[in-house]
Amino acid sequence: MKKQILLMVCATALLSSCRIYSSYDRPDVTTSGLYRDTASVNDTLAVTDTTNMGNLPWTEVFTDPKLQALIQKGLENNTDLLSASLKVKQAEAMLTSARLSFLPSFALTPQGTVSSFDHAKATQTYQLPVSASWEVDLFGKLLNAERSKKALLLQSKAYQQAVKTRVIASIANTYYTLLMLDKQLEISLETAEAWKQSVETTRKLMTIGSANESAVSSTEANYLSVQASLAELRRQIRETENSLSLLLGQVPQTVDRGRIDEQELPAHLATGVPVQLLANRPDVKQSEMSLASAYYVTNQAYSAFYPSLTITGALGWTNSAGAAILNPGKMIASAVGSLTQPLFNKGQLIANLKVAKAQQEEALLAFQYSLLNAGSEVSNALVLYNSSTEKSRLEADQVRSLERVVNYTQQLFNLGSASYLEVLTAQKSLLGAQLSKVSDDFYRMQAVVNLYYALGGGR
């Protein structure tokens, strides 16, 4: 007997060094070169500063008080975020259940019978046992189940953070879209008023023979075109307000907001070192915890090949002693230990192991892709910020030049030294440049939001 116990202890010690007891370790992943240099088509961005914009609280990135109020409301009411918090609670309950599986289970199983033979006096027997069952985790099946559920809990928390980050970024982007549309509407209204005056001026010039019907018709056509664009802008504003209201978890309504000219962006867009994406990006953490869970599921599949030991017992009272009926009843106690070693299970255990291994490889690919995708999003946000900043600066100069052209051309037209076509062309060019500059100002703001999101911000 001692020899058998010694063999079992040695076998258990040997297996403790095997895979079924090992913890998940992050696989080797390459983070160097994830950020592409915005000034080169070949080189990657050489990052040495560990300061990371994604570590800033969102209130320090988005300083507009009205935007801050909207983000706070969204964090409280957004349905996706509320749903994510419920998923965390579900994962916490599953982890608690997995931890309690190490403890024995108890059940009260009372039984009673009444029997009579050939109209004889009925006899009554009863049993009042409390039964217990305890699975001894010799080969890590319960341990790996608990570790898997813990990884799933961390995955659900990472998902919750990812939803929070997405909600913040979506509200900010939609808010800035509204500001852009407001500015474009303001410019278009001013242009429409200028075109209206041009129509009146052209009609007066036609009465004195300085312009013809073609000039009046062309001016009116352009005025009506701007009027039509006003209707389109108002529609876009209304739909954007509806989208923002949906993000805030409220019925569609007018959104209180500031002006695009009042927005202040962070002066320094610090990306930090790429390896920080492993700690900051919630979707990357989510993918890694999915990989860890798959790792432990594979361990469970390995554990299924080893014996399982279950101890059951009962303790209680009974008045049935075989052929005799005892009153009062006597105490009854029993204990049974069973060892089950799988021998042949129609290949199911092997199939389960192959499936678990394949799912683990799939989770590894998803983890690697999430990291590459994070680096790509950072690079895209950087190039968008740089290009939109440069374009906005150039377009500001262009707008100032075109404003002078419009004034000079209008004066020449009023004096009869320029044709209506020159005036139309100058005004069209000015309107296009003004709208383009507003768009690029918006893209610059959007780049800040996208970079904050790409770096795993949202705290």
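Position 1 is the first residue of the sequence, and the numbers go up from there.
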Over all atoms of both residues, closest heavy-atom pair of S245 and V255: OG-CG2, 4.3 Å
Would you say that Y295 contacts N299 through its side chain, given a criterion of any heavy-atom pair below 4.5 Å between the two side chains? yes
Name all residues meeting the side-chain hydrogen bond (donor to acceptor under 3.5 Å, both in side chains) criterion together with Y175; count only those two or more places apart in sequence or in a different chain, and write none if there are none. D64
Identify, with sequence neighbours excluded, every residue that meets side-chain contact (heavy atoms from CB on, under 4.5 Å) alongside K164. L75, L81, Q161, I168
Under 3.5 Å donor-acceptor, N78 side chain and L247 backbone: yes
Rounded to the nearest 0.5 Å, what separates atom CG in L128 from atom OG1 in T318? 8.0 Å
Quick check: does any side chain N or O of S83 sit under 3.5 Å from a backbone N or O of T79, one acting as donor and the other as acceptor? no
Side-chain (S303) to main-chain (F139) donor-acceptor, under 3.5 angstrom: yes
Does Y443 form a side-chain hydrogen bond (donor to acceptor under 3.5 Å, both in side chains) with S392? I'd like the steps, not just the answer. CA-CA 9 Å; Y443 291 143; S392 179; over 6 Å; no
Can you tell me how far CG of L67 sits from OG1 of T59, rounded to the nearest 0.5 angstrom? 11.0 Å
Is it true that R257 and E241 have a side-chain N and a carboxylate O under 4.0 angstrom from each other? yes
Full working for salt bridge (charged side-chain N to carboxylate O under 4.0 Å, His left out) between E76 and K73: CA-CA 5 Å; E76 295 171 357; K73 186 173 184 179; over 6 Å; no
Derivation of the salt bridge (charged side-chain N to carboxylate O under 4.0 Å, His left out) call for E390 and R393: CA-CA 5 Å; E390 179 65 14; R393 182 185 65 80; 2.6 Å; yes
Does the side-chain hydrogen bond (donor to acceptor under 3.5 Å, both in side chains) test come out yes or no for Q184 and S439, once each step is laid out? CA-CA 9 Å; Q184 289 183 337; S439 296; 3.2 Å; yes
How about Q72 and Q68: does a side-chain donor come under 3.5 Å of a side-chain acceptor? no
Taking the side chain as every heavy atom from C-beta outward, state whether V130 and L315 have any pair of such atoms under 4.5 Å apart. no
Who passes salt bridge (charged side-chain N to carboxylate O under 4.0 Å, His left out) against R147, sequence neighbours left out? none
Using only atom types and a distance under 3.5 Å, with no angle test, would you say the side chain of Y306 pairs donor to acceptor with the backbone of K141? no
Just by distance, do the side chain of D137 and the backbone of L143 share a donor-acceptor pair under 3.5 Å? yes
CA sep, side-chain torsions, deciding dist, call: L185, L189, side chain to side chain contact (heavy atoms under 4.5 Å, CB included): CA-CA 6 Å; L185 180 63; L189 285 170; 4.2 Å; yes
Are a donor atom and an acceptor atom from the side chains of S293 and S148 found within less than 3.5 Å of each other? yes
In plain terms, say whether E232 and R235 are close enough for a salt bridge, that is, a side-chain N and a carboxylate O under 4.0 Å apart. yes
Does one side chain, of Q359 or T298, offer a donor that lies under 3.5 Å from an acceptor on the other? no
Restricting to non-hydrogen atoms, name the atom on L364 and the atom on P27 that form the minimum distance, rounded to 0.1 Å. CD1-CG, 3.6 Å
Side-chain donor-acceptor pair under 3.5 Å between T113 and T125, yes or no? yes
Nearest heavy-atom contact between L291 and Q360 is CD1-O, 3.5 Å
Nearest heavy-atom contact between N242 and P252 is OD1-CB, 3.2 Å
Tightest non-hydrogen contact, residues P266 and M53, listed as CG-CE, 4.3 Å
V448 side chain near V61 side chain, heavy-atom distance below 4.5 Å: yes
Answer yes or no: is there a donor N or O on one side and an acceptor on the other, between the side chain of T96 and the main chain of E92, under 3.5 Å? yes
If you measure from the Lys or Arg side-chain nitrogens to the Asp or Glu carboxylate oxygens, is any gap between K437 and D441 under 4.0 Å? yes
Rounded at 0.5 Å granularity, tell me how far OG in S308 sits from CG in L142. 10.0 Å
Are side-chain N/O atoms of E377 and N373 paired as donor and acceptor at under 3.5 Å? yes
Which atoms form the tightest heavy-atom contact between P282 and G456, and what is the distance? CD-CA, 4.0 Å
Hydrogens and angles aside, do S436 and E395 bring a side-chain donor and acceptor to less than 3.5 Å of each other? no
